[in-house]
Amino acid sequence: MDERYMRLALQLAESARGQTSPNPLVGAVVVKHGEIVGFGAHLKAGEPHAEVHALRMAGEKAEGSTVYVTLEPCSHYGRTPPCADLLIENKVKRVVVATTDPNPLVAGKGIEKLKRAGIDVTVGVLKEEADALNEMFFHYISTKVPYVTLKYAMSLDGKIATKTRESKWITSEEARRDVHRERRMHDAIVVGVGTILADDPSLTVRFGHEGKQPIRVVLDTHLRTPLHANIVTDRVAPTWIVVGHHVTEEQMKPYEQAGVRMIRMNENKIDVPSLLLELGKRNVMSIFVEGGAQVHGSFLRSRSVQQVIAYIAPMLIGGDEAPSAIGGEGFGRMIDALRLQVKHVEMIGPDIKIVAKG
Ligand SMILES: Nc1c(/N=C/[C@H](O)[C@H](O)[C@H](O)COP(=O)(O)O)[nH]c(=O)[nH]c1=O
Ligand SMILES: Nc1c(N[C@@H]2O[C@H](COP(=O)(O)O)[C@@H](O)[C@H]2O)[nH]c(=O)[nH]c1=O
Ligand SMILES: [Zn+2]
């Protein structure tokens, strides 16, 4: 029975996907005498937690109830009061927790508090599902740098464009729509200025997956992004441009006036670990790196890759000069190659989608 209610709590949590950053997805269900008397999900950082919504809906029925929650109830004062205290005040009889919260502020303290107050606590119901739900949050809260997804679309022979740099289109309309769904799962989309100059992309979530638009981050050491680029002028989503230390205030001014947020690194280059620290400091919990090959190469070099999403089209492009999905220096020895595990393979229209994780 516990699994049935926890599954509902997990579904509730998932419904807020893409809205809660930098907080986790959390769902809660209140059950009394075999009846659901309240439920809720955390919808937005800074707003009430899932338990608050669920207990509010339950009212007096919360007393003597069993509460199912997908993440250990918080026990600290963040932007909202601790849920563990609220559960105790509501005289809840039993709390079923799917997984503990690795946030150093919580990590086991919430469960301790509940037990000390005499509440019967069960931990680990559907733990696998609950951990998968928040893998990005867990990565971010324990490393303070964003969870990194590399995405590329390539031909069967691994090319992302022809030797004359033509790339429209390699994958099908359906595959390109699927990219928008994956974009939406991330706080930011990252591309190199090469992609801006080649494609003038909008880097927005469209095709019915609209919701909170991810931040568009351009890695542009020498500030070569044109002021008339879509991502500067369309104001559909936030745009951040990362530049080297040598770029001056007056060079950045026109971009800031156009509403672009400028991030100037401490060196005349953008190295990935420093970039990730800067993004992590600005509460970016997950990034969707869309290329090009050089950018992918720099993320691979620093082994800062948690997930790869590859779309493969059944076509052959060939040519030594045609760029492959990941450029840069690469590894000289097989032992250094980044080994992943294939988690998911599916056909999308005529194309193959492969998801692999570190
Ligand atoms: N060339 C291909 C891609 N090309 C991806 C480009 O690098 C760039 O991310 C997109 O053009 C941005 O599009 P938007 O303006 O945001 O809709 N991506 C794909 O999935 N398949 C391909 O065939
Ligand atoms: N969203 C959520 C929790 N989130 C936990 O609390 C932290 C955010 O606290 P605050 O800044 O007050 O919103 C977050 O980092 C995570 O550890 N906890 C819960 O009991 N239920 C919830 O629904
Ligand atoms: Zn809480």
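In each ligand, atom 1 is the first atom listed, and ligand 1 is the first ligand listed. Position 1 is the first residue of the sequence, and the numbers go up from there.
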> Taking only heavy atoms of Cys74, which atoms of ligand 2 are found under 4.0 Å from at least one of them?
18 (N), 19 (C), 20 (O)
> What protein heavy atom is closest to atom 1 (N) of ligand 2, reported as residue, atom name and distance in Å?
His42 CD2, 3.2 Å
> Take every heavy atom of Ala45, measure it against each atom of ligand 2, and state whether any distance is under 4.0 Å.
no
> If the cut-off is 4.0 Å to any non-hydrogen atom of Thr195, which atoms of ligand 1 fall inside it?
7 (O)
> Under 4.0 Å, heavy-atom basis, I'd like to know which part of Phe137 is in contact with ligand 2: side chain, backbone, both or neither.
side chain
> Please work out whether any backbone atom (N, CA, C, O) or any side-chain heavy atom from C-beta onward of Arg183 is under 4.0 Å from ligand 1, and answer side chain, backbone, both or neither.
side chain
> Please state which option from Val26, Asp101, Leu86, Asn23 has its nearest heavy atom closest to atom 5 (C) of ligand 2.
Asp101
> Which of the atoms in ligand 1, numbered in the order shown and given with their element, are less than 4.0 Å from a heavy-atom of Arg206?
14 (P), 16 (O), 17 (O)
> As a test of reading the structure, name the N/O/S atom of His49 that is nearest the Zn ion (ligand 3).
ND1
> So, regarding Ile170 and ligand 1 (criterion: nitrogen or oxygen to nitrogen or oxygen, under 3.5 Å), is there a contact or not?
yes
> Does any N or O atom in Pro201 lie less than 3.5 angstrom from one in ligand 1, N or O only?
no
> Looking only at distances, please establish whether an N/O atom of ligand 1 is found under 3.5 Å from an N/O atom of Lys151.
yes
> Flag Trp169 as yes when one of its N or O atoms lies below 3.5 Å from any N or O atom of ligand 1, and as no otherwise.
no
> Is the backbone of Asn23 close enough, under 3.5 Å, to the side chain of Ser21 for a donor and an acceptor to pair up by distance?
no
> At a 4.0 Å cut-off, with the gap strictly under it, does some heavy atom of Glu72 reach an atom of ligand 2?
yes
> Just heavy atoms, cut-off under 4.0 Å: does His76 contact ligand 2 by side chain, backbone, both, or neither?
side chain
> Compute both the distance and the angle, then confirm whether Lys253 meets the cation-pi test with Tyr255: under 6.0 Å from the six-membered ring centre, within 45 degrees of the axis.
no
> Which residue and non-hydrogen atom of the protein lie closest to atom 7 (O) of ligand 1, and at what distance in Å?
Asp199 OD2, 3.1 Å
> Judging by distance only, is a nitrogen or oxygen of Ala50 under 3.5 angstrom from one on ligand 2?
yes
